[in-house]
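What you see is a predicted model, and the numbers here were worked out from it, not measured in a lab.
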Amino acid sequence: YAAGYTLKLPLEERKLQSRKEFFDDIAVSLGGLAAEEMIFGDITTGASNDLQVSTALARNMVVKYGMSDRIGPVAFEGGGKTLNGLSQFAERTTSEAVAAVIDEEVSKIMTEAFERAKKVLLDHKAALDALSQELIAKETIERNDFEKLLILHGIKPKERASAIESAPVTITD
């Protein structure tokens, strides 16, 4: 049983993702938590999986993809193999100081993404309220209906690739 979830389908097939795209994904993942705080003045355990997934992504940005301005283009984790089949980073350890900086960078990404999610929700509160009312009435909203609701509130949805044009997205509360 899921109390609520959003199924996000890619707009196109990609092999590479940018720092901005990762950051956007994290902000989207934190949208439910931000809405809880904004509307109810409290948070629940409902966003626990979103927090786990987005924190793992933020950590990968820092330790795997070198996407931290503070640390720079360094990979502390990776999937490369040596000749003996062990991970090329298996013996590499980070100092406590570097581990602390990694944790700070991950926390910074998460905090900035959470603040961005809250700002987007505040900027588009009328759309959030309309979406909430629609979910109360219907429980499930398909992608086309969701996009129509956004357009009615002055929000232009991202363009979809024609190959997935008809793919439904279900959002439930």
Side-chain angles (χ1 to χ4, degrees), residues 1-65 67-68 77 79 102-103 105-173:
Y1 172 76
Y5 67 93
T6 302
L7 176 60
K8 180 180 176 270
L9 296 175
L11 295 175
E12 59 193 40
E13 284 194 43
R14 293 191 186 155
K15 300 231 185 255
L16 301 174
Q17 252 189 297
S18 70
R19 178 175 22 195
K20 181 188 178 314
E21 289 167 330
F22 281 142
F23 186 80
D24 289 348
D25 287 346
I26 293 169
V28 168
S29 292
L30 297 175
L33 185 69
E36 282 183 346
E37 182 181 276
M38 189 172 97
I39 302 300
F40 303 115
D42 198 3
I43 58 173
T44 69
T45 58
S48 63
N49 185 260
D50 296 331
L51 284 169
Q52 290 170 359
V53 170
S54 56
T55 301
L57 178 53
R59 181 163 294 281
N60 281 340
M61 289 173 67
V62 174
V63 301
K64 189 173 181 180
Y65 305 128
M67 294 180 172
S68 164
E77 293 179 8
I102 290 170
D103 290 343
E105 286 294 279
V106 170
S107 181
K108 177 183 171 196
I109 290 169
M110 294 295 290
T111 300
E112 288 176 2
F114 185 64
E115 292 303 317
R116 176 152 181 235
K118 289 194 294 188
K119 181 179 180 337
V120 168
L121 291 173
L122 283 171
D123 290 349
H124 300 287
K125 182 133 180 2
L128 175 63
D129 292 342
L131 177 61
S132 298
Q133 292 303 313
E134 193 74 12
L135 285 169
I136 289 168
K138 292 185 177 179
E139 292 188 21
T140 299
I141 300 175
E142 299 296 326
R143 173 181 265 171
N144 288 336
D145 293 334
F146 176 72
E147 289 181 352
K148 286 177 189 174
L149 189 140
L150 293 180
I151 292 166
L152 282 173
H153 289 88
I155 302 168
K156 184 178 183 231
K158 288 184 178 180
E159 297 292 324
R160 288 188 264 166
S162 61
I164 61 168
E165 185 104 6
S166 61
V169 171
T170 301
I171 301 173
T172 64
D173 94 72

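Atom CE of M67 and atom CD of E105 lie 13.5 Å apart (nearest 0.5 Å). We find the CD-CG distance between Q17 and N60 to be 11.5 Å, quoted to the nearest 0.5 Å. Distance check, rounded to the nearest 0.5 Å: CG of L121 to CG of L128 gives 5.5 Å. Rounded to the nearest 0.5 angstrom, T140 OG1 and D145 CG are separated by 11.0 Å. The CG atom of L57 lies 9.0 Å from the CE atom of M110; values are rounded to the nearest 0.5 Å. Atom CD1 of I109 is separated from atom OG of S68 by 6.5 Å, given to the nearest 0.5 angstrom.
Pairs engaging residues 109-123 under the side-chain hydrogen bond (donor to acceptor under 3.5 Å, both in side chains) rule: D24-R116, E37-K118, E115-K118, K119-D123 [sequence neighbours left out]. Each side-chain hydrogen bond (donor to acceptor under 3.5 Å, both in side chains) pair with one or both residues in residues 38-53, not counting sequence neighbours, appears once here: E36-T44.
Remark: L122 pairs with M38 by the side chain to side chain contact (heavy atoms under 4.5 Å, CB included) rule, at least two apart or across chains. In terms of the side chain to side chain contact (heavy atoms under 4.5 Å, CB included) criterion, residue partners of L149 (sequence neighbours excluded) are, by chain and number, A130, L131, E134, H153. By the side chain to side chain contact (heavy atoms under 4.5 Å, CB included) test, I151 pairs with P157, sequence neighbours left out. Under the side chain to side chain donor-acceptor pair (under 3.5 Å) criterion, K148 pairs with no residue, sequence neighbours left out. Partners of T55 under the side chain to side chain donor-acceptor pair (under 3.5 Å) rule, at least two apart in sequence or in another chain, do not exist in this structure. In this structure Y65 satisfies the ring-ring contact (aromatic ring centres under 6.0 Å, His included) test together with F22, sequence neighbours excluded. For K108, there are no salt bridge (charged side-chain N to carboxylate O under 4.0 Å, His left out) partners at least two apart in sequence or on another chain.
Looking only at side-chain heavy atoms (C-beta outward), R59 and D103 come within less than 4.5 Å of each other.
Scanning all heavy atoms of the two residues, the minimum distance from A27 to A117 falls at O-CB, 3.4 Å. Closest non-hydrogen pair, E21 versus L16, comes out as OE1-O, 4.1 Å.
A side-chain donor-acceptor contact under 3.5 Å links S29 to the backbone of D25.
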